[in-house]
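Here the structure comes first, spelled out in structure tokens, and everything after it is commentary.
Residue numbers run from 1 in the order of the sequence given.
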Amino acid sequence: MDKTKEKSKIKPSLFNFGAISEPPEPPSCEPPSFLHDTRPKTVSSIFGDIKPEEKKENNAFKLPDFSAAQAKFDVPWRNMEWTEEHKKSLMKTVSSYRPSCEKITQAQVLVLGPVGSGKSSFISSVQSVFHGRVVNRAMVGSMSTSFTKKTFNIQVQKGEDSGLVMCDIKGIGDGEMTGLTLHDIVSVIKGHVPNGHKFSLEQPVSSETVGYVKTPTLAEKIHCVAFVVDASKITTYPKSIGATFRRLREQISDLGVHQVALLTHIDRICAATAADVSQVYKSPNVQDVMNKAGALLGMSTSYIIPVKNYSSELDLDLKKDVLLLSAVDHILQYTELFYQDYKPNKKQVVC
């Protein structure tokens, strides 16, 4: 055999690489798909936006930051106008809203969710939109094991209340001694719990409770429930929360009360949305988390609205305002369904 040919068949190894002038054979594994190209494999051919002359003096070049780039849908999966005109239109809708039931002057909406989900921040954020500056009237946080039932009139102008009242109570617990019991929550919805009542795990609501409303009127009952869940915690909520949601929703539905849901902290799951709220309906991440929230709550995503509450901001933002106001409008639509459901039964409720 020709010694030259025999030499060419020798495989490079740790012991003979110095004796071979030919370049080593490529590894047997397939290269990444983006390398399958007929062009010369240069840096500029792999990364079209990096030119050889852009290399630094030490011949090092910076790879594109792929982690910062997030995919977005070209077409939003929900339509929304992010304009000043649309904001004014939504503000007018909320400001002029009055319950269709003549005997009721204000719709009673219970904002309910796990501890720290952002329900109190949502109430404050809505109030901020109408105040024209960031305010914090609702109690935010869960520092104690007890919490007082508080109602907040959404003021549309100085000294003028809208037709909407939001009720804030302590959050739903996760199986530990951190939240209200299902019994107390249902008592609030039925209208038995007076405003200002201080809840206590040791003393659940009963007919012996001070101020207990034995025969609540329609005006004293809750007309719609807005569940609030944290987008950044959807996959980490304990199973007990999902079971609690399902039990609650079943009992609330039996009372004829409609429910919607708000998805907060959307900026924590999507960098594009954090930088620009108007990208929320183009975000695959937000859409995916909304689907997970729907599974957690046991409801269709058509009932769920993503929002960005005001937290550390000092000034209002047009796009955040539009998203917040659209959530309020969504709540009011389902509140109206409650009154429409009661209208045929005039013997029990006169509207």
Side-chain angles (χ1 to χ4, degrees), residues 68 70-97 109 111 117-138 140 152-164 166 226 228-232 260-287 289-290 293 301-335:
Q70 291 187 333
K72 289 192 300 181
F73 295 124
D74 293 331
V75 178
W77 37 278
R78 277 186 187 170
N79 294 321
M80 179 70 70
E81 294 181 30
W82 307 97
T83 62
E84 184 68 34
E85 291 74 21
H86 188 50
K87 174 186 172 180
K88 290 180 180 179
S89 175
L90 286 169
M91 290 184 72
K92 183 178 180 181
T93 298
V94 176
S95 300
S96 60
Y97 171 78
V109 175
V111 183
S117 59
K119 56 190 182 60
S120 298
S121 294
F122 172 72
I123 296 174
S124 292
S125 297
V126 172
Q127 291 175 319
S128 297
V129 176
F130 288 98
H131 278 70
R133 59 185 178 84
V134 177
V135 297
N136 183 17
R137 290 183 61 197
V140 179
F152 296 89
N153 292 304
I154 304 302
Q155 292 188 337
V156 293
Q157 291 181 5
K158 189 175 181 179
E160 180 183 346
D161 294 334
S162 69
L164 172 64
M166 290 192 182
V228 181
V229 289
D230 185 341
S232 65
V260 298
L262 307 175
L263 186 69
T264 60
H265 301 304
I266 54 176
D267 54 313
R268 297 180 184 177
I269 61 170
C270 176
T273 301
D276 183 358
V277 174
S278 67
Q279 300 303 305
V280 61
Y281 289 131
K282 286 187 176 182
S283 169
N285 285 359
V286 174
Q287 187 183 49
V289 173
M290 279 188 64
T301 54
S302 62
Y303 295 95
I304 306 174
I305 298 290
V307 294
K308 172 61 179 75
N309 294 332
Y310 286 109
S311 53
S312 60
E313 301 91 339
L314 296 177
D315 300 312
L316 297 180
D317 177 84
L318 170 63
K319 295 171 183 177
K320 292 176 185 177
D321 290 352
V322 168
L323 207 54
L324 287 163
L325 289 168
S326 66
V328 177
D329 181 53
H330 185 69
I331 291 171
L332 292 177
Q333 290 179 34
Y334 283 91
T335 304

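Within the 3.5 Å criterion, the main-chain N or O of Ser125 finds no donor-acceptor partner in the side chain of Gln127. Using a distance-only test at 3.5 Å, with no hydrogens or angles considered, no donor-acceptor pair links the side chain of Ser283 to the main chain of Val280. Distance alone, capped at 3.5 Å, is enough to place a donor-acceptor pair between the Asn285 side chain and the Ile269 backbone.
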Do Ser95 and Phe130 pass the side-chain contact (heavy atoms from CB on, under 4.5 Å) test, and can you show the C-alpha distance, the side-chain angles, and the key distance before you say yes or no? CA-CA 9 Å; Ser95 300; Phe130 288 98; 3.4 Å; yes
Stepwise side-chain contact (heavy atoms from CB on, under 4.5 Å) check, Tyr97 with Thr335: CA-CA 11 Å; Tyr97 171 78; Thr335 304; 4.1 Å; yes
In sequence, state the C-alpha distance, the side-chain angles, and the governing distance for Leu314 and Arg133, and then conclude on side-chain contact (heavy atoms from CB on, under 4.5 Å). CA-CA 7 Å; Leu314 296 177; Arg133 59 185 178 84; over 6 Å; no
Would you sort out whether Tyr281 and Leu323 count as a side-chain contact (heavy atoms from CB on, under 4.5 Å), showing the intermediate values? CA-CA 11 Å; Tyr281 289 131; Leu323 207 54; 4.2 Å; yes
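Summarising the geometry of Ser162 relative to Val94, their closest heavy-atom pair is CB-O, 4.1 Å, with the distance given to 0.1 Å. Minimum interatomic distance between Gln155 and Asp161 (heavy atoms only, all atoms of both residues): CG-OD1, 3.1 Å. Smallest separation of non-hydrogen atoms from Ser326 and Leu90: N-CD1, 4.0 Å. When all heavy atoms of Trp82 and Val277 are compared, the closest pair comes out as CH2-O, 4.0 Å. Of all heavy-atom pairs spanning Ser302 and Arg78, the tightest one is CA-NH2, 3.9 Å.
Not counting sequence neighbours, the partners of Lys87 by the salt bridge (Lys or Arg N to Asp or Glu O under 4.0 Å) test are Asp321. For the salt bridge (Lys or Arg N to Asp or Glu O under 4.0 Å) test, no residue two or more places apart in sequence or in another chain qualifies with Glu81. Residues meeting the side chain to side chain donor-acceptor pair (under 3.5 Å) test with Ser278, sequence neighbours left out: Asp276.
Annotation: side chain of Arg268 is not in contact with side chain of Val289 (no heavy-atom distance under 4.5 Å). In this structure, the side chains of Val322 and Leu318 come closer than 4.5 Å at one or more pairs of heavy atoms. Between Val109 and Leu164 the shortest side-chain heavy-atom distance falls below 4.5 Å. The shortest distance between side-chain heavy atoms of Gln279 and Lys72 falls below 4.5 Å. Put simply, the side chain of Ile154 reaches to within 4.5 Å of the side chain of Val126, judged on heavy atoms. Between Asp267 and Thr273 there is no side-chain heavy-atom pair separated by less than 4.5 Å. Taking 4.5 Å as the limit, some side-chain heavy atom of Val111 sits within range of a side-chain heavy atom of Val228. Within the 4.5 Å cutoff, side-chain heavy atoms of Val129 are placed close to those of Leu325.
None of Leu316, Asn309, Asn136 except one satisfies the side-chain contact (heavy atoms from CB on, under 4.5 Å) rule with Ser128; the exception is Leu316.
To the nearest 0.5 Å, the span separating CE on Met91 from OG on Ser96 amounts to 11.5 Å. Atoms NZ and OG1, on Lys319 and Thr83 in that order, are 11.0 Å from each other to the nearest 0.5 Å. His330 NE2 to Gln333 CD: the interatomic distance, rounded to the nearest 0.5 Å, is 7.0 Å. Remark: Cys270 SG to His265 NE2 distance equals 15.5 Å, nearest 0.5 Å. Separating the CG atom in Leu324 from the CG atom in Asp317 is a distance of 10.0 Å, to the nearest 0.5 Å. Annotation: the span from Phe73 atom CZ to Lys282 atom NZ amounts to 11.5 Å, rounded to 0.5 Å.
Within a 6.0 Å sphere centred on OH of Tyr303, heavy atoms belonging to other residues, nucleotides or ligands number 12 at most.
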